[in-house]
Amino acid sequence: MGDSASSSSSSSVHRSLGGGSVADLLLWRNRTGAVILLVSSTAFWFLFERAGYNLLSFVSNVLLLLVAILFLWAKSATLLNRPLPPFPNMEIPEEFAIKSADEIRILINHVLSIPSDITIARNPIRLLQVSFVLWAISYVGTLINSLTLVYIVVLLSLSVPVVYENYQEHIDDKLSSTSEVIRNISRKIPMPVSKEKKYQ
């Protein structure tokens, strides 16, 4: 019985993460991909943050090396009567471009609806949420740079879902008790009552 409860909770975590290859990666079900992501993000962080390498010079040097290798391979293949290097068809499919453009449009429209929700609908909760998120981003930005922040997000995304999947019952119990305490405290705070103007 405990195994069925744990398998249903792990499947709910898998479903909440999208249920696809990204969920498998974040829950370490695809161990090879998770290890590759962890090692490559650590290598990039070390290369750019600790070794002082610049992203633009790194990308240009890698592309220069690839172009030189492909050129020398093609030249030597024609001289030695060997096959040319395998080169994939580098073209973006139209379906992928349309689907990506639709998803980006939905995201941009959602972000653009936030200011109108604050100003026109006068939603104070949304104002507080946006203010808190922007303040938190600004505060964290003063403490660490953006590359280290991206590295921390990658590490958290590879560790938090696994920890939650393994200890879901304990975490849910603590979160529900914390939520109840916050709810009780918020009930004690007096809320201002809006008075309607009387017109004669």
Side-chain angles (χ1 to χ4, degrees), residues 3 6-114 133 137 140-141 143-168:
D3 291 337
S6 66
S7 66
S8 67
S9 68
S10 67
S11 68
S12 68
V13 173
H14 189 265
R15 259 186 276 116
S16 67
L17 289 173
S21 59
V22 173
D24 290 340
L25 186 75
L26 294 178
L27 292 174
W28 286 75
R29 292 181 181 166
N30 178 1
R31 290 195 186 275
T32 307
V35 167
I36 288 172
L37 178 63
L38 180 64
V39 169
S40 62
S41 62
T42 303
F44 277 113
W45 178 78
F46 182 79
L47 186 68
F48 295 126
E49 185 63 27
R50 293 293 165 211
Y53 217 151
N54 189 352
L55 178 65
L56 186 62
S57 63
F58 174 76
V59 170
S60 64
N61 286 339
V62 167
L63 289 176
L64 178 66
L65 182 65
L66 287 175
V67 167
I69 288 172
L70 286 174
F71 177 75
L72 291 174
W73 189 350
K75 277 295 192 187
S76 65
T78 56
L79 291 174
L80 301 172
N81 291 329
R82 299 275 185 189
L84 290 174
F87 199 73
N89 185 12
M90 303 188 81
E91 188 175 291
I92 298 175
E94 186 176 350
E95 296 171 1
F96 176 75
I98 291 172
K99 184 178 177 186
S100 299
D102 284 341
E103 290 177 6
I104 291 171
R105 181 186 56 83
I106 290 170
L107 179 66
I108 290 174
N109 284 340
H110 177 69
V111 169
L112 292 176
S113 71
I114 292 174
V133 167
I137 291 171
V140 169
L143 298 177
I144 54 177
N145 66 6
S146 59
L147 184 64
T148 303
L149 184 62
V150 169
Y151 181 62
I152 289 171
V153 167
V154 169
L155 290 180
L156 288 176
S157 67
L158 287 174
S159 59
V160 170
V162 174
V163 171
Y164 182 71
E165 184 181 35
N166 291 334
Y167 302 104
Q168 184 175 5

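Position 1 is the first residue of the sequence, and the numbers go up from there.
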From [atom1] ([X]) to [atom2] ([Y]), nearest 0.5 Å:
X      : Y      : atom1 : atom2 : answer
Asn61  : Leu66  : CG    : CG    : 11.0 Å
Asn109 : Ile104 : CG    : CD1   : 12.0 Å
Trp28  : Ser159 : CH2   : OG    : 9.5 Å
Leu147 : Ser41  : CG    : OG    : 10.0 Å
Ile98  : Ile92  : CD1   : CD1   : 12.5 Å
Leu107 : Leu112 : CG    : CG    : 9.5 Å

**Study point:** Ser157 (side chain) donor-acceptor with Val154 (main chain) under 3.5 angstrom
**Key:**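 Pair found, side chain donor or acceptor close to backbone of Val154.
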
Review point. How are the rings of Tyr151 and Trp45 set to each other: parallel, tilted or perpendicular (split at 30° and 60°)?
Key: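 Correct class here is parallel.
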
Exercise for review: Could you pull out the closest heavy-atom pair between Ala77 and Pro83, with the gap in Å?
Suggested key: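 Looks like CB-O, 3.4 Å.
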
Review point. Taking all non-hydrogen atoms of both residues, which atom of Leu26 and which atom of Val162 are closest, and how far apart?
Key: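 Taking Leu26 first and Val162 second, the nearest heavy atoms are O-CG2, 3.5 Å.
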
